[in-house]
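Here's the structure we're looking at; comments come further down.
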Amino acid sequence: MECFRFLILYCFLFSSIRIATTTLDTITLGQSLRDGETVVSADQRFELGFFSPGTSRSRYLGIWYKNIAPVTTVWVANRDAPISDPSGILHINSRGILELLNSTNNIVWSSNASRTPQNPIAMLLGSGNLVVKDGNDNNPDNFLWQSFDHPGDT
(Lines give C-alpha, C1' and ligand atoms only; values in the text may rest on other atoms or scores of the structure.)
Protein backbone atom coordinates (compact mmCIF):
# COMPACT_ATOMS: atom_id res chain seq x y z
CA MET A 1 0.00 0.00 0.00
CA GLU A 2 2.85 2.41 0.85
CA CYS A 3 4.44 1.71 -2.53
CA PHE A 4 1.14 2.54 -4.25
CA ARG A 5 0.92 5.91 -2.43
CA PHE A 6 4.47 6.71 -3.45
CA LEU A 7 3.67 5.89 -7.07
CA ILE A 8 0.60 8.16 -7.04
CA LEU A 9 2.57 11.00 -5.43
CA TYR A 10 5.41 10.53 -7.96
CA CYS A 11 3.00 10.62 -10.92
CA PHE A 12 1.22 13.69 -9.57
CA LEU A 13 4.42 15.64 -8.97
CA PHE A 14 5.91 14.93 -12.36
CA SER A 15 2.69 15.41 -14.28
CA SER A 16 2.35 18.95 -12.92
CA ILE A 17 5.89 20.03 -13.81
CA ARG A 18 6.23 21.88 -17.09
CA ILE A 19 9.27 20.48 -18.83
CA ALA A 20 11.18 22.79 -21.13
CA THR A 21 12.20 21.29 -24.41
CA THR A 22 15.23 22.44 -26.32
CA THR A 23 15.50 22.72 -30.06
CA LEU A 24 18.53 23.26 -32.20
CA ASP A 25 20.00 26.71 -32.73
CA THR A 26 17.63 27.55 -35.62
CA ILE A 27 13.98 28.38 -36.23
CA THR A 28 12.92 27.84 -39.83
CA LEU A 29 9.87 28.84 -41.82
CA GLY A 30 6.93 26.79 -40.53
CA GLN A 31 8.51 26.19 -37.12
CA SER A 32 7.70 28.11 -33.97
CA LEU A 33 9.08 28.51 -30.49
CA ARG A 34 6.43 28.17 -27.79
CA ASP A 35 6.62 29.13 -24.14
CA GLY A 36 8.41 26.25 -22.41
CA GLU A 37 10.67 25.57 -25.38
CA THR A 38 14.11 27.03 -25.96
CA VAL A 39 16.66 27.42 -28.72
CA VAL A 40 20.29 26.90 -27.72
CA SER A 41 23.35 28.15 -29.57
CA ALA A 42 25.45 25.41 -31.16
CA ASP A 43 28.22 25.89 -28.58
CA GLN A 44 25.67 25.64 -25.70
CA ARG A 45 26.57 29.11 -24.34
CA PHE A 46 23.31 30.98 -24.94
CA GLU A 47 19.63 30.13 -24.78
CA LEU A 48 16.58 31.84 -26.29
CA GLY A 49 13.16 31.38 -24.75
CA PHE A 50 10.45 32.78 -22.53
CA PHE A 51 11.04 33.84 -18.93
CA SER A 52 9.50 35.77 -16.05
CA PRO A 53 11.87 38.00 -14.08
CA GLY A 54 11.79 37.66 -10.30
CA THR A 55 8.27 37.15 -8.97
CA SER A 56 6.61 38.67 -12.03
CA ARG A 57 3.95 36.69 -13.88
CA SER A 58 4.64 38.58 -17.10
CA ARG A 59 6.41 36.61 -19.82
CA TYR A 60 9.24 37.93 -21.96
CA LEU A 61 11.19 36.55 -24.89
CA GLY A 62 14.89 36.81 -24.17
CA ILE A 63 18.40 35.47 -24.51
CA TRP A 64 20.42 34.44 -21.47
CA TYR A 65 23.63 32.62 -20.63
CA LYS A 66 22.74 28.94 -20.55
CA ASN A 67 25.05 27.63 -17.84
CA ILE A 68 25.38 30.57 -15.46
CA ALA A 69 23.35 30.83 -12.26
CA PRO A 70 21.53 32.96 -11.46
CA VAL A 71 20.04 33.40 -14.91
CA THR A 72 21.70 36.38 -16.58
CA THR A 73 19.55 37.83 -19.35
CA VAL A 74 21.47 39.59 -22.11
CA TRP A 75 18.65 40.63 -24.47
CA VAL A 76 14.87 41.01 -24.25
CA ALA A 77 12.59 41.38 -27.27
CA ASN A 78 9.30 42.53 -25.75
CA ARG A 79 10.47 44.57 -22.77
CA ASP A 80 7.72 47.14 -23.35
CA ALA A 81 5.02 44.59 -24.25
CA PRO A 82 5.04 41.66 -21.81
CA ILE A 83 2.75 38.70 -22.37
CA SER A 84 0.36 38.10 -19.46
CA ASP A 85 0.33 34.30 -19.60
CA PRO A 86 2.44 31.38 -20.95
CA SER A 87 0.87 31.56 -24.42
CA GLY A 88 3.71 33.24 -26.31
CA ILE A 89 4.76 31.96 -29.72
CA LEU A 90 7.71 33.13 -31.79
CA HIS A 91 7.89 32.35 -35.50
CA ILE A 92 9.55 33.65 -38.63
CA ASN A 93 7.40 34.60 -41.60
CA SER A 94 8.14 34.26 -45.31
CA ARG A 95 9.44 37.86 -45.46
CA GLY A 96 12.12 37.04 -42.85
CA ILE A 97 10.43 38.86 -39.99
CA LEU A 98 10.32 37.42 -36.48
CA GLU A 99 6.88 37.76 -34.90
CA LEU A 100 6.04 37.27 -31.24
CA LEU A 101 2.36 36.44 -30.75
CA ASN A 102 0.20 36.40 -27.62
CA SER A 103 -2.83 34.20 -26.78
CA THR A 104 -5.10 36.11 -29.19
CA ASN A 105 -2.51 35.84 -32.01
CA ASN A 106 -1.81 39.56 -31.85
CA ILE A 107 1.76 40.56 -32.64
CA VAL A 108 3.31 42.04 -29.48
CA TRP A 109 6.80 42.41 -30.95
CA SER A 110 8.40 41.95 -34.36
CA SER A 111 11.75 42.42 -36.02
CA ASN A 112 12.22 43.93 -39.44
CA ALA A 113 14.15 42.81 -42.49
CA SER A 114 16.35 44.63 -44.95
CA ARG A 115 15.18 42.43 -47.83
CA THR A 116 13.08 39.33 -48.46
CA PRO A 117 15.07 36.07 -48.30
CA GLN A 118 14.44 32.91 -50.28
CA ASN A 119 14.89 30.66 -47.24
CA PRO A 120 14.41 32.71 -44.03
CA ILE A 121 15.79 31.31 -40.79
CA ALA A 122 16.46 32.68 -37.31
CA MET A 123 19.62 31.44 -35.65
CA LEU A 124 21.07 31.93 -32.19
CA LEU A 125 24.82 32.30 -32.57
CA GLY A 126 27.53 31.42 -30.04
CA SER A 127 28.08 35.14 -29.52
CA GLY A 128 24.54 35.49 -28.13
CA ASN A 129 23.41 37.28 -31.28
CA LEU A 130 19.99 36.26 -32.62
CA VAL A 131 20.11 36.72 -36.38
CA VAL A 132 17.69 36.42 -39.26
CA LYS A 133 19.30 35.39 -42.50
CA ASP A 134 18.76 33.54 -45.71
CA GLY A 135 19.50 29.92 -44.90
CA ASN A 136 21.44 29.66 -48.17
CA ASP A 137 23.80 32.52 -47.25
CA ASN A 138 26.41 32.20 -44.47
CA ASN A 139 27.98 35.62 -44.99
CA PRO A 140 27.48 37.60 -41.73
CA ASP A 141 27.53 40.83 -43.74
CA ASN A 142 24.23 39.72 -45.26
CA PHE A 143 22.17 39.25 -42.08
CA LEU A 144 18.65 40.60 -42.60
CA TRP A 145 18.28 41.48 -38.91
CA GLN A 146 20.31 40.90 -35.74
CA SER A 147 19.66 41.45 -32.06
CA PHE A 148 23.09 43.07 -31.66
CA ASP A 149 21.73 46.04 -33.63
CA HIS A 150 19.05 46.51 -30.94
CA PRO A 151 20.90 46.69 -27.61
CA GLY A 152 18.18 48.93 -26.21
CA ASP A 153 16.05 45.82 -25.86
CA THR A 154 18.10 44.60 -22.86
Side-chain angles (χ1 to χ4, degrees), residues 14 16-154:
F14 285 98
S16 63
I17 295 174
R18 185 178 182 137
I19 298 173
T21 57
T22 303
T23 61
L24 300 175
D25 61 352
T26 304
I27 300 171
T28 61
L29 192 61
Q31 289 182 322
S32 59
L33 180 71
R34 297 180 181 280
D35 199 319
E37 301 173 335
T38 62
V39 170
V40 176
S41 62
D43 64 1
Q44 301 287 304
R45 291 182 60 205
F46 291 94
E47 193 165 15
L48 167 72
F50 293 89
F51 71 99
S52 292
T55 59
S56 173
R57 298 179 105 188
S58 297
R59 303 294 287 165
Y60 298 88
L61 176 72
I63 299 170
W64 57 86
Y65 288 102
K66 180 171 173 44
N67 297 314
I68 296 180
V71 172
T72 304
T73 306
V74 297
W75 183 82
V76 178
N78 59 317
R79 179 185 58 183
D80 296 327
I83 298 173
S84 61
D85 57 30
S87 65
I89 297 173
L90 176 70
H91 72 248
I92 188 166
N93 69 25
S94 61
R95 295 183 324 265
I97 296 174
L98 290 170
E99 295 178 332
L100 177 57
L101 308 174
N102 63 14
S103 61
T104 57
N105 287 326
N106 288 323
I107 298 172
V108 297
W109 174 87
S110 65
S111 65
N112 55 19
S114 56
R115 64 186 184 288
T116 302
Q118 291 180 10
N119 178 25
I121 65 169
M123 179 179 280
L124 182 58
L125 304 179
S127 61
N129 192 11
L130 177 63
V131 301
V132 175
K133 64 180 200 146
D134 191 313
N136 303 323
D137 185 355
N138 289 320
N139 183 348
D141 292 332
N142 293 334
F143 291 156
L144 301 151
W145 178 89
Q146 59 182 335
S147 61
F148 278 7
D149 287 342
H150 303 278
D153 294 338
T154 58

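No experiment lies behind these values; they were computed from the predicted model shown. No hydrogens, no waters, no symmetry mates; every other heavy atom, side chains included, goes into these values.
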**Message:** Would you say that Arg45 contacts Asn67 through its side chain, given a criterion of any heavy-atom pair below 4.5 Å between the two side chains?
**Reply:** no
**With Phe46, the side-chain contact (heavy atoms from CB on, under 4.5 Å) member among Val40, Val74, Asp25** = Val74
**Asked** Do you know which two heavy atoms are closest between Trp64 and Thr73, and how far apart they sit?
**Response** CB-CA, 3.8 Å
**Prompt:** So, do Leu90 and Val39 sit near enough that their side-chain heavy atoms are less than 4.5 Å apart?
**Reply:** no
**Request:** First locate atom OG1 of Thr116, then atom CZ of Arg95, and finally report the distance between them rounded to the nearest 0.5 Å.
**Result:** 7.5 Å
**Request:** Would you name the heavy atoms of Glu47 and Lys66 that are closest together and state the gap between them?
**Result:** OE1-CG, 3.7 Å
**Request:** Grab the two heavy atoms, one from Arg115 and one from Asp137, that are nearest each other, plus how far apart they are.
**Result:** NH2-OD2, 4.2 Å
**Request:** Verify side chain to side chain contact (heavy atoms under 4.5 Å, CB included) between Asn78 and Asp80, making sure each step is shown before the conclusion.
**Result:** CA-CA 5 Å; Asn78 59 317; Asp80 296 327; over 6 Å; no
**Where at least one partner belongs to residues 50-64, residue pairs that pass salt bridge (Lys or Arg N to Asp or Glu O under 4.0 Å), sequence neighbours excluded** = Asp35-Arg59
**Message:** Is any side-chain heavy atom of Thr38 closer than 4.5 Å to one of Leu48?
**Reply:** no
**Request:** Could you tell me if the ring centre of Trp145 sits under 6.0 Å from that of His150?
**Result:** yes
**Request:** Of all the heavy-atom pairs spanning Ser94 and Leu29, show the shortest one and how long it is.
**Result:** N-CD1, 3.5 Å
**Complete:** Taking every heavy atom of Ala113 against every heavy atom of Gly96, the minimum-distance pair comes out as CB-O, 3.8 Å
Under 3.5 Å, side-chain donor or acceptor atoms of residues 129-136 against the rest of the protein: list the pairs with distances, not counting sequence neighbours.
from	atom 1	to	atom 2	distance (Å)
Asn129	OD1	Ser147	N	3.2
Asn129	OD1	Ser147	OG	3.1
Asn129	OD1	Phe148	N	3.0
Asn129	ND2	Gln146	OE1	2.7
Lys133	NZ	Asn138	OD1	2.7
Asp134	OD1	Asn136	N	2.9
Asp134	OD1	Asn136	ND2	3.4
Asp134	OD2	Gln118	N	2.9

**Asked** Is there a donor-acceptor pair closer than 3.5 Å between any side-chain N or O of Ser103 and the backbone N or O of Ser87?
**Response** no
**Request:** Without swapping roles, check the side chain of Ser110 against the backbone of Val108 for a donor-acceptor pair under 3.5 Å.
**Result:** no
**Asked** Roughly how far, to the nearest 0.5 Å, is OG of Ser41 from CD1 of Ile63?
**Response** 9.5 Å
**Request:** Taking the side chain as every heavy atom from C-beta outward, state whether Phe50 and Leu100 have any atom pair closer than 4.5 Å.
**Result:** yes
**Prompt:** Taking all atoms of both residues into account, what is the closest heavy-atom pair of Ile97 and Ser111, and its distance?
**Reply:** CG2-O, 3.3 Å
**Message:** I'd like to know if the side chain of Ser52 reaches the main chain of Ser58, judged simply by a donor and an acceptor atom lying under 3.5 Å from each other, with no hydrogens or angles considered.
**Reply:** yes
**Item:** Test side-chain contact (heavy atoms from CB on, under 4.5 Å) applied to Pro53 - qualifying residues, sequence neighbours left out
**Value:** Phe51, Ser56, Tyr60
**Request:** Any chance you could measure Leu144, atom CG, to Ser114, atom OG, to the nearest 0.5 Å?
**Result:** 4.5 Å
**Message:** To the closest 0.5 Å, what do you measure between CG (Leu125) and OG1 (Thr26)?
**Reply:** 9.0 Å
**Message:** Testing the 3.5 Å rule here: is there a donor-acceptor pair between the side chains of Glu99 and Asn93?
**Reply:** yes
